[in-house]
Amino acid sequence: MTVTEQLASLETSPEWEDIEFPPGDLESQELPLESYLHLQQILLLIKCLDWLWRDRNDYFDAGNLTIYYSPHQKKSSDFRGPDFFVVLDTERRSRKSWVVWEEGGKYPHIIVELLSSSTAKTDRTEKKKIYQEIFRTPEYFWFDPESLEFQGFALIQGTYQPITPTDKGHLWSEQLQLFLGVENRQLRFFSPDGVLVPTPEESATEAQRQLGSVQNELITTQNQLGSIQNELVTTQNQLQIERQQKDQLAAKLRELGIDPEQL
């Protein structure tokens with residue numbers, strides 16, 4: 001039974017008549033992030049995926065945003081806010097929080113937690129259990145921005161199983177159809193071919209680099225063309241001089257009574 005169906009049954013059950021259901025526009029209740037590194041990492045993941053999927057409107061990604069999954073007002077504290085998560089096949093729009101019963105019972109398809117000294121134990125145990133048994137999130141990853149510990153799990157027959165890394169240490173996400181891996185001490189996305197998914201700024205820098213390369217090639221070509229034109233002018237001038245010398249010689253021979261055509 002989905003959360004939506006549970007809600008419907010609860011609303012018609014005399015046992016729950018006195019329970020007031022929470023509103024759908026619940027505010028996020030997340031605590032401040034552990035460090036600047038954690039903030040930068042979350043923003044990086046969101047920025048890269050949004051740029052890669054800039055033409056898509058069928059997903060929602062967020063960071064440090066509360067996920068409400070209990071339909072009971074008295075248990076509205078039953079929430080877990082992943083550091084980063086993605087929900088597929090949903091509307092791409094702004095939200096104050098992710099309220100499962102307002103989203104057709106949908107839970108995240110992928111979750112990433114950023115480990116820290118104060119959260120690592122919870123991320124590896126309690127949260128992992130919640131994501132496995134309640135959220136049923138297909139893929140769960142954790143990454144430590146300090147130690148660079150990185151691990152991923154795929155939900156197989158109801159239990160999280162470790163994802164086997166590639167020779168580069170990248171982990172495949174079936175949900176995103178992307179690899180996740182560590183690059184320059186940051187968790188990044190990679191294409192199925194292993195190409196780094198850039199940020200908008202990196203894309204702009206690369207575009208400028210390519211434009212500069214094209215401009216340099218154009219300048220080189222123009223210089224080569226100029227050299228060829230100069231050589232052509234020089235050749236034409238030499239031909240003109242030779243023609244003039246030939247005409248002068250022919251005129252001189254005629255003055256001497258010699259037909260140059262007979263020579």
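Positions are given from 1 along the sequence. Computed from a prediction, not measured in an experiment: that's the story for all the values here.
- Scanning for salt bridge (charged side-chain N to carboxylate O under 4.0 Å, His left out) contacts around Glu149 gives Arg124, with sequence neighbours left out.
- The hydrophobic cluster containing Leu37 does not contain Leu43, counting ILVMFWY residues as joined when their side-chain heavy atoms lie under 4.5 angstrom apart, directly or transitively.
- For Gln175 (side chain) and Pro138 (main-chain N/O), no donor-acceptor pair under 3.5 Å exists by modelled atom type.
- Closest heavy-atom contact between Arg56 and Arg92: O-NH1, 2.9 Å.
- Linking Ile, Leu, Val, Met, Phe, Trp and Tyr whenever their side-chain heavy atoms come within less than 4.5 Å leaves Trp51 and Leu178 in two separate clusters.
- A tilted orientation is assigned to the rings of Tyr69 and Tyr107, their planes being inclined by 30° to 60°.
- To the nearest 0.5 Å, the span separating OG on Ser97 from CD1 on Ile67 amounts to 9.5 Å.
- When every heavy atom of Thr199 is checked against every heavy atom of Leu44, the shortest pair comes out as CG2-CD1, 3.5 Å.
- Between Leu155 and Thr137 the shortest heavy-atom distance is CB-O, 3.8 Å.
- Minimum interatomic distance between Lys127 and Glu113 (heavy atoms only, all atoms of both residues): NZ-OE2, 3.1 Å.
- Between Gln186 and Gln41, some side-chain heavy-atom pair lies under the 4.5 Å cut-off.
- Looking only at atom types and distance, the side chain of Tyr59 has a donor-acceptor partner in the side chain of Asp50 under 3.5 Å away.
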Could you walk me through whether Glu103 and Arg93 pass the salt bridge (Lys or Arg N to Asp or Glu O under 4.0 Å) check?
-> CA-CA 12 Å; Glu103 301 287 353; Arg93 60 179 175 81; 3.6 Å; yes
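- In this structure the side chain of Val112 reaches within 4.5 angstrom of the side chain of Leu180, judged on heavy atoms.
- Ring geometry for Tyr140 versus Trp142: interplanar angle over 60°, hence perpendicular rather than tilted (30 to 60°).
- Residues passing the side-chain hydrogen bond (donor to acceptor under 3.5 Å, both in side chains) test with Gln248, sequence neighbours excluded: none.
- By the side-chain hydrogen bond (donor to acceptor under 3.5 Å, both in side chains) test, Ser227 is found to be paired with no residue, residues two or more places apart in sequence or in another chain being considered.
- Taking a cutoff of 4.0 Å between a charged side-chain nitrogen and a carboxylate oxygen, Lys47 and Glu201 qualify as a salt bridge.
- When the side chains of ILVMFWY residues are joined at heavy-atom separations under 4.5 Å, either directly or via intervening members, Val182 and Leu171 end up in a single hydrophobic cluster.
- Taking the side chain as every heavy atom from C-beta outward, Glu242 and Lys246 never approach each other to under 4.5 Å.
- Tyr131 and Pro82 make their closest contact through OH-CG, 3.7 Å (heavy atoms, listed as atom of the first residue, atom of the second, distance).
- Ring geometry for Tyr160 versus Phe153: interplanar angle of 30 to 60°, hence tilted.
- Looking only at distances, no side-chain donor or acceptor of Arg185 sits under 3.5 Å from a matching main-chain atom of Ser147.
- Residues Glu102 and Arg95 are not paired through a salt bridge, judged by the lack of any N-O separation under 4.0 Å between the basic side chain and the carboxylate.
- Residues Phe143 and Leu45 have side chains not in contact (no heavy-atom distance under 4.5 Å, counting atoms from C-beta outward).
- Looking at Asn57 and Glu91, their side chains never come closer than 4.5 Å, going by heavy atoms from C-beta outward.
- Cluster membership check: Ile46 does not share its hydrophobic cluster with Phe190, using side-chain heavy-atom separations under 4.5 Å among Ile, Leu, Val, Met, Phe, Trp and Tyr.
- Results of the ring-ring contact (aromatic ring centres under 6.0 Å, His included) test with Phe179 over Phe141, Trp172, Phe150, Phe189 single out Trp172 as the only residue that passes.
- In the hydrophobic clustering of ILVMFWY residues, with side-chain heavy atoms under 4.5 Å counting as a link, Leu88 and Ile110 come out together.
- Results of the side-chain contact (heavy atoms from CB on, under 4.5 Å) test with Thr235 over Val233, Leu239, Asn237 single out Leu239 as the only residue that passes.
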